[in-house]
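This report concerns only the one structure given below.
Bear in mind the structure is a predicted one, so any value in this text is a computation, not a measurement. Keep in mind that the numbers below use all heavy atoms, side chains included, and drop hydrogens, waters and symmetry copies.
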Protein chains: 4
Amino acid sequence: MPRGRKVNSSGEKSKKLLQEKAIELFSQFGYHETKISDIVKAANLTQPTFYLYFENKESLYNDLILQFRNEFLENVNRINVGNEDNFIEKLQTNFTALFKFFASNPHLTKIGFYQTEESEELKNIFSQILEEKLKERVEFSDHDIRIFINSIVGAIERLTLTMLFTKEKEPEQLASELINIYFAKELICR
Amino acid sequence: MPRGRKVNSSGEKSKKLLQEKAIELFSQFGYHETKISDIVKAANLTQPTFYLYFENKESLYNDLILQFRNEFLENVNRINVGNEDNFIEKLQTNFTALFKFFASNPHLTKIGFYQTEESEELKNIFSQILEEKLKERVEFSDHDIRIFINSIVGAIERLTLTMLFTKEKEPEQLASELINIYFAKELICR
Amino acid sequence: MPRGRKVNSSGEKSKKLLQEKAIELFSQFGYHETKISDIVKAANLTQPTFYLYFENKESLYNDLILQFRNEFLENVNRINVGNEDNFIEKLQTNFTALFKFFASNPHLTKIGFYQTEESEELKNIFSQILEEKLKERVEFSDHDIRIFINSIVGAIERLTLTMLFTKEKEPEQLASELINIYFAKELICR
Amino acid sequence: MPRGRKVNSSGEKSKKLLQEKAIELFSQFGYHETKISDIVKAANLTQPTFYLYFENKESLYNDLILQFRNEFLENVNRINVGNEDNFIEKLQTNFTALFKFFASNPHLTKIGFYQTEESEELKNIFSQILEEKLKERVEFSDHDIRIFINSIVGAIERLTLTMLFTKEKEPEQLASELINIYFAKELICR
DNA sequence: AATGAATGAGGATTCATTCAT
DNA sequence: GATGAATGAATCCTCATTCAT
């Protein structure tokens, strides 16, 4: 068998390919159940090639986590409820954007938002930011705002998994219903 | 250490001890990061003893998952919203019971409700049962009941982790606030 | 569970039982594929009981080998072709006796004559003794007596396994045919 | 020892080496007494390398058994007693070839013809084929052909072990004497 | 005489990682 | 840029054997 550089190969392309396959496999099988041999096999490359582009398995995984974290926090920080009257509409727009972000890379989201230790930390940060953004605009009287916020975060988390990733609902629908549930109650109990 | 039976040793005691340590370690470090050697070390026993009581690591883990599943579903099936007027109070009582169940064995809950593939399935079952119990009692007009239900489930999931296990809130408080958020809306947006 | 002496139990009985089960299992599965746990399970006893009667697994096995060896060599030494004319009939009687001995304990024979390193040595001894007993009575001219003897031994070995243990032939028949083949040739090749 | 590729190493070479060492060790010590660590030590390699070329110990062993079986049956099937007059000479030639085959790889023969469960099956197949080839050419009158055949097979088995592998006799001599014993009787009993 | 409970010692196997080409 | 070949470092698991009762 010939060794050496493959025809038509380019380092960047191989690296990207490995990353993509890694994201797919990690998201589906998790960190430990995904072997480096699996990743390179999926990319039609060999194990030493992996180490050409990544320090090791853990570092690749951490990179992915970090990548998600940054993109996610960007999205979260972009939430802007403004000073205006249209607070509710704005929030709905922001939620829509967030769901769209999740939907744009479900595999990476699964890794970064559901699979790791850091996921919890990330959700906590999300909660804190959301709390800060909402607490000036919403009257909670004697209710606990943190319970309220955590409920929303939990709802987002679950809906993303069960309705967004399964393509049962669109980002817009989810955001709309969410706003409805948490900010405009009109349920009637018989 | 000499071989053979230890003074004052009893099979049931050892098995229970191993199970307890396993629950603690699995819940803290996860399946793969918990080695059999860790479990037996924590129980002050040796590896062969582990195999005296469990077929292997996976089977022990599956047992724990099953144990949680059974207890959890028992709790869920016990949810009874009755035919009476006091639907809301009853639901609150049921949620309280559920949070109490989670709080009664946080380690096992972490394993069974957050850590495994089966966790997702379990939450889906939870959603379905909840949906069936609620849909006759709540008017959803044109809103999607599944989104509503999944929001509640997500909220329960998140609150258990962030407020119940951290002992920031009591089961009663969480249930009460939850009912408030989802069934008695009085938030005022400025 | 109650411990201690079983009702109706007697040390000798247990020892014999273990020995019998060991012979069966060793002969069927071989030394390594027979676990002490298998033996005691078959005897409906427990592992420590095994060590009450046998030093260890190897020593039990060696005992069995030795037992076979002694009984076998007794039989072999009993071969007596006499000084008389009826040499052939006598030999046939001796072979019959040998086959009967094999048939009387096929399990032990399997262990001692087919399964162990010592089996080979035993067959060599058999060959030597046979050679000594025959060489005075048979004229080999320029043929190699050792080849002749080894052929007989090989035939006995194989026939025991394929025709005696399977009960296809009786010891008498085998001995008779054997004598015929090796000492009274009348085959006609077309 | 440093990790990674050794100087001047080649996969085929290593695999063959491991196979050779395995044959030697298995034939000398048997399956259970030969550890993977022994094999790789003999090949001056490490355990993971073993798994580069073989699925596991059992599969390697089975491969060896199969390899012997195929080569052996090829030899057996090649036996051709023809329609001609020179039946006896032909048979002698065939036996010579068979002994030569055994002598060409005594280690593998020990494994495949003496050591395994499959050995017995193989000898039975040998017997059947031999029976078919001989029964048309030899008049057995009222003697049992199967006893006759099994005697020959047993003789071959034993002579291979005691006279061929020990280099006391050459294939030609053994075949010649064998033919003499079984097909041209001229022993004279005093 | 017999058993429940435990362990020492070792073997098979896996996997991330690295060297030589 | 890429690969073939190899290994260090675990981890799981088994089994004969032994101690306390």
Side-chain angles (χ1 to χ4, degrees), chain A residues 1-15 32 35-38 40 45-58, chain B residues 1-15 32 35-38 40 45-58, chain C residues 1-15 32 35-38 40 45-58, chain D residues 1-15 32 35-38 40 45-58:
Chain A
M1 283 253 157
R3 250 170 281 163
R5 180 177 188 152
K6 278 188 182 169
V7 285
N8 246 334
S9 70
S10 120
E12 274 312 303
K13 231 162 65 185
S14 292
K15 177 170 185 178
H32 284 99
K35 319 296 178 191
I36 291 190
S37 58
D38 298 330
V40 297
L45 290 165
T46 59
Q47 304 210 28
T49 304
F50 179 93
Y51 290 92
L52 233 49
Y53 300 110
F54 309 102
E55 209 186 328
N56 53 38
K57 183 180 166 182
E58 200 187 346
Chain B
M1 206 169 281
R3 278 203 231 177
R5 184 174 194 150
K6 282 184 178 172
V7 282
N8 232 325
S9 68
S10 132
E12 273 310 305
K13 228 166 61 187
S14 293
K15 181 171 184 178
H32 284 100
K35 317 298 178 189
I36 294 186
S37 59
D38 299 329
V40 297
L45 289 165
T46 61
Q47 299 217 28
T49 305
F50 179 93
Y51 292 93
L52 226 52
Y53 301 109
F54 309 102
E55 214 186 323
N56 53 38
K57 183 174 141 181
E58 198 186 347
Chain C
M1 280 249 161
R3 249 171 282 164
R5 181 175 186 151
K6 277 188 182 169
V7 284
N8 245 334
S9 70
S10 117
E12 273 313 302
K13 230 164 62 185
S14 293
K15 177 170 186 178
H32 284 100
K35 319 297 177 189
I36 290 190
S37 59
D38 298 329
V40 296
L45 288 166
T46 61
Q47 303 210 26
T49 304
F50 178 94
Y51 290 91
L52 232 50
Y53 301 110
F54 309 102
E55 209 186 329
N56 53 37
K57 182 180 166 181
E58 200 186 346
Chain D
M1 207 168 280
R3 280 204 229 177
R5 184 175 194 152
K6 283 184 177 171
V7 284
N8 233 326
S9 67
S10 132
E12 272 311 304
K13 231 167 55 189
S14 294
K15 179 171 184 177
H32 284 100
K35 318 297 179 188
I36 293 186
S37 59
D38 298 330
V40 297
L45 289 165
T46 61
Q47 300 217 28
T49 304
F50 179 94
Y51 291 92
L52 225 51
Y53 301 109
F54 309 101
E55 215 185 323
N56 51 39
K57 182 173 145 182
E58 197 186 349

In this structure, how many angstroms lie between the P atom of dC15(F) and the CD atom of E58(C), rounded?
17 Å

Measure the distance from CD on E55(C) to P on dT17(F) and round it to the nearest whole Å.
9 Å

L45(B) CG to S14(B) OG distance, which is reported to the nearest 0.5 Å:
5.0 Å

Mind checking what makes side-chain contact (heavy atoms from CB on, under 4.5 Å) contact with [X], not counting sequence neighbours?
{"X": "K15(B)", "answer": "Q19(B), Y53(B), F54(B)"}
{"X": "K13(D)", "answer": "S10(D)"}
{"X": "Y51(A)", "answer": "I36(A), N56(A)"}

Which residue lies more 5' along DNA chain F, comparing H32(C) with Y51(B) via nearest heavy atoms
Y51(B)

Quick tally for nucleotides 6-11 of chain F: nucleotides whose base has a protein heavy atom under 4.0 Å get B, sugar-phosphate-only ones S, the rest -, giving BBB--S

Stem ranges of DNA chain E by first residue number, counting only runs of at least 3 Watson-Crick or G-U pairs under 3.5 Å, come to E:2-21 with F:2-21

Can you list everything that forms a side chain to side chain donor-acceptor pair (under 3.5 Å) with T49(C)? Sequence neighbours excluded, please.
T46(C)

Which atom names give the shortest non-hydrogen contact between K35(B) and K57(B), and what distance separates them?
CA-NZ, 4.5 Å

Whichever of N56(A) and E12(B) has the more 5' nearest nucleotide on DNA chain E, that residue is E12(B)

